[in-house]
There are 2 protein chains.
Amino acid sequence: MDSQPGRSVTSKVLALLAAFSPASPALTLTELARRAGLPLPTAHRRAAELVAWGALERGEDGRYRIGLRLWEVGSLAPRGLGLRELALPVLEDLYEVTHENVQLAVRQDLELVFIERIAGRHAVPVLTRVGGRFALHATGVGLVLLAYAPTEVQERVLAAPLERYTDLTITDPRQLRRCLAEVRRVGYAVSDRQVTMDALSVAAPIRAADGVVAAISLVVAHDRADPLALAPLVQAAGRVLSRALGAPNRPAPGRVPLPPRHGTQ
Amino acid sequence: MDSQPGRSVTSKVLALLAAFSPASPALTLTELARRAGLPLPTAHRRAAELVAWGALERGEDGRYRIGLRLWEVGSLAPRGLGLRELALPVLEDLYEVTHENVQLAVRQDLELVFIERIAGRHAVPVLTRVGGRFALHATGVGLVLLAYAPTEVQERVLAAPLERYTDLTITDPRQLRRCLAEVRRVGYAVSDRQVTMDALSVAAPIRAADGVVAAISLVVAHDRADPLALAPLVQAAGRVLSRALGAPNRPAPGRVPLPPRHGTQ
DNA sequence: AGCCCGGCTTTCATTGAGTGAAAGCTGCGG
DNA sequence: CCGCAGCTTTCACTCAATGAAAGCCGGGCT
């Protein structure tokens, strides 16, 4: 944690940014320095530069917060606001039809990041936050993103311990492997009470020219859920978006070809 | 343009981020280096570090784009996503009632930044983009933000040449000064064809404990507009949000306590 | 009031991370 | 086959960054 020589300035600047989280979006200099693993004067100087540029802002209370300028730049991320803008009308359609929670997520490394969420007032409460992260092995969107991720990513997820959220969370790598194969076979994923005991989600992939780039899902109360009825809806939304993203028109919508082989990869 | 000694590493990293814009969200290394004013090898090294962290991403085509990780961090900006989350229900209400464009903006230095926009399908097309910037002296939100900005900011805006967008754009500092005084007096701003010849906008301030922090507006076709009818709506929305942000309940509205206007709300 | 303490800011001599010119790649078009 | 444009790597030099230590400030306690 201490700034042993060999640490680049850039990494220190990034560590300062990474110190912020949804749980603590405002930090004093001391907290900031500790979280970034930097000596106080160093944190002070770099933070001052970030404030001058607008990447951070400093409140009346002396606390640092993420600055608007960084939000502006971040909004240029194609997989962030770009994807959201494209997808929003489709998400809204899906919401109109179902009045359930609609979610849009992409994979980042070994986790997923929620890009957008439309929360029905009467829908099951979900714990997700736009910009928030979650594990790949439990949610509907996560299973889809994992199922179509590069083998290397899958192996790394399978190798690590799989956190348990409920009694139904899949924590056995072998079982997860089977589940992912099934997702690829049918072209959608169902997560039944694997995150919370009241919710079930159905998710489908969104493809661009180079494969699956995002996933869309509906989250509903598990006891009024009919996954088989919801799947076509979610898949259709996924396909609309895939087309908009320039996915090849007949990329076996649900899955790779259909030869009698299940365990692709 | 050349990186004269005296330039901090941090400033170079930030220059790399600032090189991206809505008009060019994907850059080759050479473009990136040129825009950031950095020698190629320097840009290359810093960019590589940013990619490793996730602040930038590099596509198949070798171009750099803003990375999802930066979007995530940016989404922690209180004046960005934070404000948006808070305001969205109110914006939606306003949209439901009017089916016109609804905009939410904050001031950043001498410009405004759009935080959210709800575009009615049948509403006048507007040129704004979430995350985009605009001058303060023309739009409704801009006039509000300027009217309640610190004197020093107002003076700097008034001192600079005021860009003309249409024949009705206010470009005379003296006239603008009068206009701002009027905004403070009545508590809302009207921009009638000052940005485009087909649109009119009505905007109201949003206050927190420490003054005006944002503005909300309706943008309508100028020929079906009745500013006097829209103003109370927009102001009411502004007040709801002000209360949510902890503005004092009877906050000498920017200047003069409102004259005996109806609905105190 | 005076004191103390924690958190922040500034100073200053030291040093290694950062630098850019130049030389190597690599892939494409002629 | 060659040449060119755009990218990547090398290498010796140097100045931006560093952190220990000292100063500063405010507010809680005696």
Side-chain angles (χ1 to χ4, degrees), chain A residues 1-21 23-67 70 78 209-210, chain B residues 1-21 23-67 70 78 209-210:
Chain A
M1 207 55 36
D2 69 329
S3 57
Q4 74 282 46
R7 191 105 121 72
S8 74
V9 175
T10 308
S11 79
K12 292 174 192 171
V13 169
L14 295 174
L16 286 174
L17 299 183
F20 295 87
S21 67
S24 44
L27 301 172
T28 66
L29 179 59
T30 309
E31 288 169 332
L32 191 53
R34 191 173 42 73
R35 287 182 182 234
L38 296 176
L40 214 97
T42 300
H44 181 245
R45 278 181 294 233
R46 303 280 69 84
E49 263 189 293
L50 292 172
V51 168
W53 187 82
L56 297 182
E57 289 174 3
R58 198 159 194 192
E60 303 284 306
D61 54 359
R63 281 160 189 271
Y64 293 89
R65 282 157 237 269
I66 296 294
L70 203 66
D210 53 344
Chain B
M1 202 58 36
D2 68 331
S3 56
Q4 77 282 44
R7 190 104 117 80
S8 73
V9 175
T10 307
S11 79
K12 292 173 194 172
V13 169
L14 295 174
L16 286 174
L17 299 183
F20 295 87
S21 68
S24 43
L27 301 171
T28 67
L29 179 58
T30 310
E31 287 170 333
L32 190 53
R34 189 175 43 73
R35 286 180 183 237
L38 296 175
L40 215 95
T42 300
H44 182 246
R45 278 181 295 234
R46 300 293 121 249
E49 263 190 292
L50 291 173
V51 168
W53 188 79
L56 297 182
E57 291 175 1
R58 197 157 194 192
E60 303 283 306
D61 55 0
R63 280 160 190 271
Y64 293 89
R65 281 157 238 269
I66 297 293
L70 203 66
D210 52 345

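Residue numbering restarts at 1 for every chain, and letters A, B, ... go by the order of the sequence lines.
With rounding to whole Å, A/L38 atom CG is found 15 Å from C/dC8 atom P. In this structure, CZ of A/R34 is placed 11 Å from P of C/dG7, rounded to the nearest angstrom. Computed from coordinates, the A/L40 CG to D/dA20 C1' distance equals 12 Å when rounded to whole Å. If you take CG of A/L27 and C1' of C/dC8, they are 15 Å apart, rounded to a whole angstrom. Rounded to whole Å, atom P of C/dG7 lies 14 Å from atom CG of A/L32. One atom, OH of A/Y64, and another, P of C/dG7, lie 14 Å apart when rounded to the nearest Å. Between A/R7 atom CZ and C/dG18 atom C1' there is a gap of 16 Å when expressed in whole angstrom units.
Residue A/T30 has its side chain nearest to C/dC8 when only D/dC7, D/dA16, C/dC8 are considered. Side-chain proximity of A/V9 to the nucleotides D/dC7, C/dG20, C/dA17 is greatest for C/dA17. When distances are taken from the side chain of A/T28 to each of C/dC8, D/dA21, D/dT8, the shortest belongs to C/dC8. If you check D/dC7, C/dT10, C/dT19 against the side chain of B/K12, the one that comes closest is C/dT19. Nearest to the side-chain atoms of B/L29 among the listed nucleotides C/dG20, C/dT9, D/dC7 stands D/dC7. In this structure, of D/dT9, C/dT10, D/dT18, it is D/dT18 that holds the atom nearest to the side chain of A/T42.
In this structure, B/L50 and B/L17 have side chains that are in contact, with non-hydrogen atoms separated by less than 4.5 Å. Using a 4.5 Å heavy-atom cutoff, the side chains of B/L32 and B/L38 are not in contact.
With sequence neighbours left out, B/S24 forms a side-chain hydrogen bond (donor to acceptor under 3.5 Å, both in side chains) with B/S21, B/R35. Residues passing the side chain to side chain contact (heavy atoms under 4.5 Å, CB included) test with B/E49, sequence neighbours excluded: A/S8, A/T10, A/S11, B/R46. Take A/R65 and apply the side-chain hydrogen bond (donor to acceptor under 3.5 Å, both in side chains) test, not counting sequence neighbours, and it matches A/D61. Judged as a side-chain hydrogen bond (donor to acceptor under 3.5 Å, both in side chains), and not counting sequence neighbours, A/R63 has no contacts. Residues that satisfy the side chain to side chain contact (heavy atoms under 4.5 Å, CB included) test with A/A33, not counting sequence neighbours, are A/L40, A/A43. Shown here are the salt bridge (Lys or Arg N to Asp or Glu O under 4.0 Å) partners of B/R45, two or more places apart in sequence or in another chain: there are none.
Using a 4.0 Å heavy-atom distance criterion, B/R63 is classed as making no nucleic acid contact.
Nearest-nucleotide positions on DNA chain C place A/P41 closer to the 5' end than the other of B/P41 and A/P41.
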Could you pull out the protein-nucleic contacts involving nucleotides 22-27 of chain D (nitrogen or oxygen on both sides, under 3.5 Å)?
none

What nitrogen or oxygen pairs link the protein and nucleotides 24-26 of chain C at under 3.5 Å?
none

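Under 4.0 angstrom from either OP1 or OP2 of D/dC7 there lies no side-chain N or O belonging to B/H44. Phosphate proximity of D/dT8 to B/R58: present, with a side-chain N or O under 4.0 Å from OP1 or OP2.
In the helix from C/dA1-D/dT30 to C/dG30-D/dC1, the terminal helix axes, each the rotation mapping four pairs' C1' atoms onto the next four within five end pairs, subtend 30°, rounded to 10°.
Within the model, atoms CG of A/L29 and CZ of A/R34 stand 11.5 Å from one another, a figure rounded to the nearest 0.5 Å. To the nearest 0.5 Å, atom NE2 of residue A/H44 and atom OG1 of residue A/T30 are 10.5 Å apart.
Across all their heavy atoms, A/I66 and A/F20 have their closest contact at CD1-CD1, 3.6 Å. In terms of heavy atoms, B/A55 sits closest to B/L70 at O-CB, 3.8 Å. In terms of heavy atoms, A/A19 sits closest to A/L27 at O-CD1, 3.6 Å.
Interface residues of residues 45-55 of chain B facing DNA chain D, ordered by number: B/R45; criterion, heavy-atom separation under 4.0 Å.
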